[in-house]
Amino acid sequence: MDVMGDKATLFETGRFVQPSGPGEAGEVAEDAAEEVRQRLAAEAGDAGAMSVLGALLLRRGDLDGAEPHLRAATAAGDRAAANNLGVLLHQRGYADEAAGWWRIAAVAGSAAAAHALGRHHRERGDEPAAEYWLKQSAEQGHALGAYALADLLEHRGDAGTERWMRAAAERGHREAAYRLARALDRRATQEEGRDGDDSVGAAGTEAEQWYRQAAARGHRRAALHLGAILERRGALKEAGRWYLTSAKDGEARAACALGFLLRDAGDTESAAVWWLRAAQDGDGNAANALGALHAERGEPQTAERWYRAAMDAGDVNGAYNLGLLCAEQGRTAQAEQWYRRAAYAGHREAANALAILLLQGGDTAGAEPWFSKAAEAGSVDAAFNLGILHAGRGEERPALRWYERAAAAGHTEAALQVGIARLRDGDEPAAERHLRCAAGGGSPEAAYRLATVLDARRPPVPEHELGESVHEKSECEEWYERAASQGHRRAQVRVGMLAAARGDVVEAARWYREAAEAGSRNGAFNLGLLLAREGSEPEAAVWWTRAADAGHGRAALRLALVYARRGELAEGQRWADRAVTLGPAEVSERATRLRDALRQELSA
């Protein structure tokens with residue numbers, strides 16, 4: 001009967017579970033029959049039956065009916081009855097008397113009583129006694145005892161915490177499984193930080209296993225964390241199932257995460273439903289998501305309401321988003337107010353946005369401290385903006401320091417500025433390294449400048465023995481083409497020149513035309529040259545005119561020659577005058593001679 005009595009302990013649950021569903025009617029009948037049998041045996045003096053009957057009545061909540069049977073069984077030496085008598089007295093509020101009976105049961109070997117006694121001592125601040133009795137319980141394989149012992153040791157920072165938390169988890173304690181997973185998860189994160197590797201180590205793998213075990217037993221926070229692990233891995237369908245399980249159990253963060261998962265899948269309406277549920281439960285992130293959704297739909301008033309709800313929930317992003325919303329609407333004063341509120345709360349992007357707003361208003365002195373605060377907090381954009389600020393004052397060294405800081409964090413334009421500065425200083429290897437980073441990040445200017453660096457190193461193109469050039473596309477040409485495809489006009493002209501050099505007139509014309517139509521005077525001039533060689537001088541003159549009007553001296557000289565050959569001497573003289581003015585020196589000299597000849601011809 002000892003084993004049965006231990007299993008019937010009620011102190012562990014904190015509540016009484018009574019049958020209520022129609023499917024449990026059979027169990028109710030069985031309990032009633034069992035109670036009758038035990039009552040008859042108890043009346044006949046069977047101590048074991050008294051213990052079981054007392055436990056049945058205690059479970060039902062009949063304390064008055066249970067107490068005499070439990071006292072009688074305890075007097076007969078039944079340790080389970082002693083334990084349950086302690087539970088009953090604890091229920092009545094007689095904690096010290098309850099502890100006395102638990103001690104008797106625990107000394108007799110009841111693991112449940114040892115657990116209850118350990119908790120009693122901990123509640124009274126007697127940690128040594130609590131540890132002693134909880135260890136007695138845990139060493140007997142009692143899951144609740146192991147968990148309570150681990151909790152006590154963790155509170156003290158004891159190294160033995162994980163051992164007992166693991167023991168409780170292995171015996172099916174779901175909260176122990178969750179807390180063990182959290183500890184392993186933190187360890188895995190620390191290991192990743194030290195190794196600089198995103199791969200999941202042994203601790204991370206084991207953490208996931210314990211999250212699964214706890215989630216399978218209905219632990220909603222474990223389901224949330226398991227969903228997050230699976231989402232990071234790309235297993236979105238399974239992640240969604242665990243988020244859904246957790247969200248249905250009332251976990252607002254899971255509902256919010258599920259909303260983002262649905263939004264990314266294109267189901268915005270369903271996402272909004274879960275964000276609404278999470279926001280109503282006080283999740284600030286979900287409220288911000290709802291605000292952004294309504295802002296995208298052109299509903300600023302509703303967006304503002306949700307941003308304010310996020311702020312009320314303690315999410316500083318709400319104030320930042322309110323600042324963005326006001327800035328978009330041209331409400332500069334309100335935008336500054338919300339940016340300041342978020343910035344003072346430590347929001348680094350709000351500090352950067354506030355600095356930009358102040359800078360746009362001409363308050364450079366007020367902007368710089370906020371840029372600095374944001375940059376020191378880790379804002380890459382703020383570090384870049386500080387570089388721009390110092391560069392604008394001609395303070396090249398401080399500017400370079402901030403550019404380098406932003407570039408080290410992956411800022412493309414900052415890497416470009418560092419590359420340009422290193423080129424200016426003559427440090428070509430460092431320049432190339434930064435230009436490669438910027439070009440790889442999508443900067444067309446960096447791609448063009450990198451190509452020019454590589455182009456300058458190219459050896460002369462070898463000649464084939466029959467006089468034909470052997471052309472293989474070099475790395476610098478690939479970078480020119482990348483910049484050109486991104487709309488970089490000088491790169492487009494250079495790609496056109498390289499195509500022309502290898503005899504590909506069609507490709508050269510395409511790139512020259514693209515550059516010219518984008519406003520490149522060199523592109524227009526070169527396109528004119530190409531067309532003239534192909535016998536299309538009238539069309540060439542059109543492009544030379546465009547180039548000359550944009551200030552291209554050689555194009556003006558070409559036009560002067562065209563009109564001179566046609567016999568339109570006055571027009572030729574006009575373009576010759578224009579070429580003299582535009583230069584460069586060589587062009588001016590030739591244009592002067594042509595102009596003088598045309599004057600003589602006109603005056604003859």
Side-chain angles (χ1 to χ4, degrees), residues 6-21 59 87 111-116 118-119 122-123 130 133-155 158 160-189 200 202-233 235 238-258 278 281:
D6 284 346
K7 287 185 178 180
T9 300
L10 303 177
F11 183 79
E12 301 162 7
T13 64
R15 66 177 190 272
F16 301 108
V17 180
Q18 297 182 356
S20 58
R59 183 181 296 111
V87 173
H115 164 244
R119 288 187 56 179
R122 188 176 182 189
E123 287 168 3
W133 288 111
L134 291 174
K135 187 171 288 188
Q136 294 296 315
S137 175
E139 287 175 346
Q140 293 179 64
H142 196 273
L144 289 170
Y147 174 72
L149 177 59
D151 186 68
L152 175 64
L153 296 175
E154 184 178 63
H155 173 71
D158 196 291
T161 301
E162 185 175 322
R163 172 196 169 192
W164 293 110
M165 197 70 79
R166 188 182 296 277
E170 288 171 348
R171 294 182 180 105
H173 195 291
R174 71 177 189 181
E175 184 65 25
Y178 170 71
R179 289 176 64 175
L180 177 60
R182 292 295 293 145
L184 292 167
D185 209 352
R186 286 190 292 269
R187 184 186 305 164
T189 302
V200 179
T205 302
E206 189 180 2
E208 181 181 342
Q209 293 170 352
W210 287 114
Y211 279 136
R212 281 189 182 277
Q213 188 173 124
R217 291 193 174 99
H219 198 291
R220 68 187 193 187
R221 283 174 294 165
L224 167 66
H225 286 285
L226 179 57
I229 289 172
L230 293 166
E231 184 181 0
R232 287 195 297 271
R233 189 185 300 157
E238 188 181 0
R241 285 201 301 270
W242 285 112
Y243 282 148
L244 180 61
T245 299
S246 180
K248 284 182 175 178
D249 286 340
E251 181 60 54
R253 290 175 297 170
C256 180
L258 180 59
D281 286 339

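Here, residue 1 is the first one in the sequence, and each next residue gets the next number.
No side-chain heavy atom of Trp164 sits less than 4.5 Å from a side-chain heavy atom of Leu134. Within the 4.5 Å cutoff, the side chain of Arg122 has heavy atoms near those of the Asp151 side chain. The side-chain heavy atoms of Arg182 and Tyr211, taken from C-beta on, include a pair separated by under 4.5 Å. With contacts defined as side-chain heavy-atom distances shorter than 4.5 Å, the pair Tyr243/Leu224 qualifies. Considering only heavy atoms from C-beta on, Arg221 comes within 4.5 Å of Glu175 through its side chain. Inter-residue side-chain proximity for Gln213 and Gln209 is flagged as unmet; no heavy-atom pair is nearer than 4.5 Å.
From His155, atom NE2 reaches atom CG of Leu153 across 11.0 Å, with rounding to the nearest 0.5 Å. Distance check: Ser137 OG to Leu149 CG gives 9.0 Å after rounding to the nearest 0.5 Å. Taken to the nearest 0.5 Å, the CG atom of Leu230 stands 5.5 Å off from the CZ atom of Arg212. Taking CD from Glu208 and CD1 from Ile229, the interatomic distance works out to 5.5 Å, rounded to the nearest 0.5 Å.
No donor-acceptor pair under 3.5 Å is formed between the side chain of Ser246 and the backbone N or O of Trp242. Between the side chain of Arg174 and the backbone N or O of Arg217, at least one donor-acceptor pair lies under 3.5 Å.
When every heavy atom of Ala239 is checked against every heavy atom of Glu231, the shortest pair comes out as CB-N, 3.7 Å. Contact between Gly145 and Ala138 at its shortest, heavy atoms only, is C-CB, 4.0 Å. Contact record, Ala114 with Gln136: CB-CB, 4.3 Å, taken as the closest heavy-atom pair. Ala207 approaches Asp185 most closely through the heavy-atom pair CB-N, 3.8 Å. Contact record, Ala169 with Ala176: N-CB, 3.7 Å, taken as the closest heavy-atom pair.
Taking 4.0 Å as the cut-off between side-chain N and carboxylate O, Arg166 and Glu170 do not count as a salt-bridged pair.
His173 is linked by a ring pair (Phe, Tyr, Trp, His ring centres under 6.0 Å) to Tyr147, counting only residues two or more places apart in sequence or in another chain.
The stretch residues 133-147 participates, sequence neighbours left out, in these salt bridge (Lys or Arg N to Asp or Glu O under 4.0 Å) pairs: Glu131-Lys135.
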Practice item. Under the salt bridge (charged side-chain N to carboxylate O under 4.0 Å, His left out) rule, what do Glu238 and Arg233 come out as? Steps first, then yes or no, please. Key: CA-CA 11 Å; Glu238 188 181 0; Arg233 189 185 300 157; 5.8 Å; no
Check your understanding: Could you walk me through whether His219 and Asp249 pass the side chain to side chain contact (heavy atoms under 4.5 Å, CB included) check?
Key -> CA-CA 9 Å; His219 198 291; Asp249 286 340; over 6 Å; no
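Ring geometry for Tyr178 versus His225: interplanar angle of 30 to 60°, hence tilted.
Among Arg187, Arg179, Glu154, the one residue that satisfies the side chain to side chain contact (heavy atoms under 4.5 Å, CB included) test with Glu162 is Arg187.
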